[in-house]
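This is a predicted model, so every value here is computed, not measured.
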Amino acid sequence: HNPEVALNKENSQSAAKLGWEYLDRGDLNTAMKRFNQAWMFDRDNVEALWGFGIIMGQRASSEDTEQNLQASIKYLDLANSKANNNYRIRVDLAYSYTIFGDYLKSNGKFPEASKNFQQARKLFEQAESIESRYPLLHSNWSILEFYEGNYLMAKTRLDKAKSLGFKPDPGYEKELQSKL
């Protein structure tokens, strides 16, 4: 038992906890610094990798979309490989694949988009087999179905998320309704 390793793990967990708090407040830069600090203390900290993945995914909506989505997938995939059956990480990873698939599709890269959508579906299915009552699973899966043109299934998934207490984006709900 090495006390230094234990202290590093403890410091890493504290930094990661702060990372989530800053992320919840929408302060991506400070959150990234805290997750980076967590990772410096413990290279295997799943929370740090997960945080990196979430932040890169959020940054993709405003800058360097392709690079940030690829980084998001990379970090979430690493977190997923280190976490033992964490359905929440799988849902976040599946969502990044979904968004990247839609990005590729909108740029005319249909075979690549399709591969990303298939990977997302596989991850959603795995997450559902672990915890089927996670609202974000069904909400994010609804978006995948929407992007693939399966509007009825998208509505079924969204209705399931709502039945579990999820409050959907009214704009998405309206757009989905217009496709039915």
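In summary, Asp92 and Arg88 do not engage in a salt bridge, as defined by a charged side-chain N under 4.0 Å from a carboxylate O. Lys162 and Glu173 are joined by a salt bridge, as a carboxylate oxygen and a charged side-chain nitrogen come within less than 4.0 angstrom of each other. Between Asp64 and Arg59, none of the side-chain N atoms (NZ, or NE/NH1/NH2) sits under 4.0 Å from a carboxylate O, so this pair counts as no salt bridge.
Interatomic distance, CD1 of Ile73 versus CG of Asn68, reported as 11.5 Å (0.5 Å rounding). One finds the CZ atom of Phe41 at 12.5 Å from the NZ atom of Lys9 (value rounded to the nearest 0.5 Å). Between the CD atom of Gln177 and the CG atom of Leu158 there is a distance of 9.5 Å, given to the nearest 0.5 Å. For the atom pair CG (Leu18) and NZ (Lys33), the distance works out to 13.5 Å, reported to the nearest 0.5 Å. Rounded to the nearest 0.5 Å, atoms CG (Asp42) and CG (Asn11) are 10.5 Å apart. If you take OG on Ser142 and OH on Tyr151, they are separated by 11.5 Å, rounding to the nearest 0.5 Å.
Heavy atoms of other residues, nucleotides or ligands lying less than 6.0 angstrom from CZ of Arg133 number 12 at most. Within a 6.0 Å radius of CZ in Phe100, more than 12 heavy atoms belonging to other residues, nucleotides or ligands are found. Atom CD of Glu4 has 12 or fewer neighbouring heavy atoms from other residues, nucleotides or ligands inside a 6.0 Å radius. Surrounding CD of Glu131 are more than 12 heavy atoms belonging to other residues, nucleotides or ligands, all under 6.0 Å away.
Note on Phe124: it clusters hydrophobically with Tyr172, by side-chain heavy-atom contacts below 4.5 Å among ILVMFWY residues. Hydrophobic clustering (ILVMFWY, side-chain heavy atoms < 4.5 Å, transitive): Val46 and Tyr134 are in one cluster.
The shortest heavy-atom contact between Gln13 and Glu47 is OE1-CG, 4.3 Å. The two residues Gly53 and Leu76 have their closest heavy-atom pair at CA-CG, 3.7 Å. Listed here is the closest heavy atom pair of Ala15 and Ala38: CB-N, 3.6 Å. Of all non-hydrogen atoms in Ala120 and Ala94, the two that sit nearest each other are CB-O, 3.4 Å. The shortest heavy-atom contact between Ala161 and Pro135 is CB-O, 3.5 Å. For Ala127 against Leu137, the heavy-atom pair with the smallest separation is CB-CD1, 4.0 Å.
Contact of the Trp20 side chain with the Ile54 side chain is registered, since non-hydrogen atoms from C-beta on lie closer than 4.5 Å. Glu66 is listed as a side-chain neighbour of Tyr103, based on a closest heavy-atom distance under 4.5 Å. Inter-residue side-chain proximity for Asn150 and Leu152 is flagged as unmet; no heavy-atom pair is nearer than 4.5 Å. The closest side-chain heavy-atom distance from Leu69 to Met56 is not below 4.5 Å. At a threshold of 4.5 Å between non-hydrogen side-chain atoms, the residues Glu175 and Phe146 count as touching. Side-chain contact between Leu28 and Leu23: present, with at least one pair of heavy atoms (C-beta onward) separated by less than 4.5 Å.
Side-chain contact of Arg157 with Asn140: a donor-acceptor pair under 3.5 Å is absent, judged by distance alone. Under the 3.5 Å distance criterion, with hydrogens and angles disregarded, a donor-acceptor pair is assigned to the side chains of Asn80 and Arg90. A donor atom on one side chain and an acceptor atom on the other are not found under 3.5 Å apart for Ser129 and Tyr87.
Between Trp141 and the choices Lys160, Glu128, Met153, the side-chain contact (heavy atoms from CB on, under 4.5 Å) rule is met once, by Glu128.
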List the steps, then state whether ring-ring contact (aromatic ring centres under 6.0 Å, His included) holds for Tyr97 with Phe117. CA-CA 6 Å; Tyr97 273 113; Phe117 288 154; over 10 Å; no

Test Tyr95 against Leu136 for side chain to side chain contact (heavy atoms under 4.5 Å, CB included), laying out the working first. CA-CA 10 Å; Tyr95 186 69; Leu136 210 51; over 6 Å; no

His138 and Phe166: CA distance, side-chain angles, deciding distance, side chain to side chain contact (heavy atoms under 4.5 Å, CB included) verdict: CA-CA 9 Å; His138 300 286; Phe166 184 78; over 6 Å; no

Tyr147 vs Ile99, side chain to side chain contact (heavy atoms under 4.5 Å, CB included): CA-CA, chis, key distance, verdict: CA-CA 9 Å; Tyr147 287 157; Ile99 299 304; 4.1 Å; yes

How far apart are the C-alpha atoms of Leu123 and Val91, what are their side-chain angles, what is the distance that settles it, and do they pass the side chain to side chain contact (heavy atoms under 4.5 Å, CB included) test? CA-CA 7 Å; Leu123 288 158; Val91 167; over 6 Å; no

After noting the C-alpha distance and the side-chain angles of Phe35 and Trp50, does the key distance pass the ring-ring contact (aromatic ring centres under 6.0 Å, His included) rule? CA-CA 9 Å; Phe35 286 125; Trp50 188 5; 9.2 Å; no

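Formation of a donor-acceptor pair under 3.5 Å by the Ser14 side chain with backbone atoms of Glu10 is found in this model. Within the 3.5 Å criterion, the main-chain N or O of Asp27 finds no donor-acceptor partner in the side chain of Thr30.
Counting only residues at least two apart or in different chains, side-chain hydrogen bond (donor to acceptor under 3.5 Å, both in side chains) contacts with residues 116-126 comprise Arg121-Glu145, Arg121-Glu148.
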